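The block underneath contains the structure these notes are about, expressed in structure tokens.
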Amino acid sequence: MVSVAKPGMPACRRITLLLPLWLLHFSSVYSDITDGNAEHLKREHSLIKPYQGVGTSPSSQWDFSGSTLITSQYVRLTPDERSKQGSVWNTVPCYLKDWEMHVQFKIHGSGKKNLHGDGFAIWYTKERLHHGTVFGSSASFLGLAIFIDTYPNDEAPDRSFPYISAMVNNGSLPYDHGKDGRSTELGGCSVEVRNQDHDTYLAIRYSKGRLTIMVDVDDRNDWKECIDFGGVRLPTGYYFGASAATGDLSDNHDIISMKMYQLMVEHTPEEDNQDWTKIEPSVSLLKSPKDNIDDPTGNFRSTPLTGWKVFLLLLCALLGIVVCAVVGAVVFQKRQERNKRFY
């Protein structure tokens, strides 16, 4: 039974009663991953075995380039060999406003700790099949990129690898591979996705301006939050793709499937009438990534509220509510004692 706040109840007490409901809603956001309903699967944007739609013919829905090898079981972007680049790109632009991409992949090789690389990326960008220095694709892009980075170029002690991060770019800033993209990332998480005995999964959801990235590294359909960020604006009409690269170190980077689902979400009339193809990729809740570089103070709002920052905010909110509740209880008790004196 859910408690309902009475009109005469002190504000602090009402907040205390509503807090569990708010926390329940807060946690449900992270677990709200689609169950893979085939009704909403968009096959024109999905890469599925036996990969019949992959090739260079005019009717193909996916192109591939570089070292990419198509087999009956996987699409290998790079073999476990040095200095390789490979990619696979959807030929059909995506005009969905709200979507979720499930990527089943496997990274494996003979290299031991920190002797493997470099990783791969999932793209949603305006241009496609552009080779470059960032996991086999262009460093200056328009759109969204999810990086699964397996080698620490910067070797800073603040994170462990493999590391998953996200970046939204309007073409004005290149991804800094030497610094592992620290200055431009929305957020990220360290996840052990390499040399697992089973396949690993990545879910990328974009809905109502919110980007959520979840991972399942145990093959148990148990999704864990990696990134959750609001204020993201992405246009329609861009292309999905995946690319990978090796350098002096190497790995096999295999894509088993990329499944695209349409999310059924209601929008306001203003949103429906907007030309979504003209939207510029941006993140409204962040300062410019350049500000993060120039600000040595580590301004709290210049980085996403993930991980320990969310925990600290929740802890501060809980402490504030507890203090407020205690003060309210003391005041209420004093009033009761004072009222009794008049009887």
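Hydrogens, waters and symmetry mates are skipped; everything else that's a heavy atom, side chains included, is used. Positions are given from 1, in the same order as the sequence printed here. A quick note: this is a predicted structure, and the numbers were derived from the prediction, not measured.
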Is a side-chain donor or acceptor of [X] paired with a backbone partner of [Y] at a separation under 3.5 angstrom?
X: Glu81; Y: Asp251; result: no
X: Asn90; Y: Gln61; result: yes
X: Asp180; Y: Asn153; result: yes
X: Tyr74; Y: Ser257; result: no

Side chains of [X] and [Y]: closer than 4.5 Å at any heavy-atom pair?
X: Ile148; Y: Leu202; value: yes
X: Leu263; Y: Arg205; value: yes
X: Met101; Y: Lys259; value: no

Provide the closest heavy-atom pair for [X] versus [Y] in the form atom of the first, atom of the second, distance.
X: Met167; Y: Asn169; value: CE-ND2, 3.6 Å
X: Ala242; Y: Met258; value: CB-SD, 4.1 Å
X: Lys106; Y: Gln196; value: NZ-O, 2.6 Å
X: Thr246; Y: Ser83; value: OG1-N, 3.2 Å
X: Ala203; Y: His102; value: CB-CD2, 3.9 Å
X: Asp80; Y: Asn252; value: N-OD1, 2.9 Å

Side chains of [X] and [Y]: is there a donor and an acceptor less than 3.5 Å apart?
X: Thr91; Y: Trp62; value: no
X: Tyr163; Y: Glu185; value: yes
X: Glu100; Y: Tyr261; value: no
X: Asn195; Y: His108; value: no
X: Ser243; Y: Ser87; value: no

Salt bridge between [X] and [Y], side-chain N to carboxylate O under 4.0 Å?
X: Lys97; Y: Glu271; answer: no
X: Asp158; Y: Arg182; answer: yes
X: Asp216; Y: Lys224; answer: no

Could you give me the CA-CA distance, side-chain angles and deciding distance for Phe120 and Thr78, then say whether side-chain contact (heavy atoms from CB on, under 4.5 Å) is met? CA-CA 9 Å; Phe120 77 98; Thr78 69; over 6 Å; no
Decide side-chain contact (heavy atoms from CB on, under 4.5 Å) for Asp98 and Lys208; before the verdict, give the C-alpha distance in whole Å, the side-chain angles of both, and the deciding distance to 0.1 Å. CA-CA 7 Å; Asp98 304 88; Lys208 299 286 286 186; 4.2 Å; yes
Could you grab the distance from atom CG of Asp272 to atom CD of Glu266, nearest 0.5 Å is fine? 9.5 Å
Out of curiosity, Thr236 OG1 to Ile279 CD1, how far, rounded to the nearest 0.5 Å? 7.0 Å
Do the two ring centres, one from Phe240 and one from Trp123, sit under 6.0 Å apart? no
Would you check if the distance from the ring center of Phe147 to the ring center of Tyr175 is below 6.0 Å? yes
Give the intermediate values and the outcome of side-chain contact (heavy atoms from CB on, under 4.5 Å) for residues Ser65 and His131. CA-CA 9 Å; Ser65 65; His131 298 283; 3.2 Å; yes
Would Leu211 and Ile204 satisfy side-chain contact (heavy atoms from CB on, under 4.5 Å), going step by step from the backbone distance to the final call? CA-CA 7 Å; Leu211 177 68; Ile204 307 165; 4.0 Å; yes
In terms of relative ring orientation, are Trp223 and Tyr201 parallel, tilted or perpendicular, with 30° and 60° separating the classes? perpendicular
Looking at Tyr206, Trp89, Trp99, which hits ring-ring contact (aromatic ring centres under 6.0 Å, His included) with Tyr124? Trp99
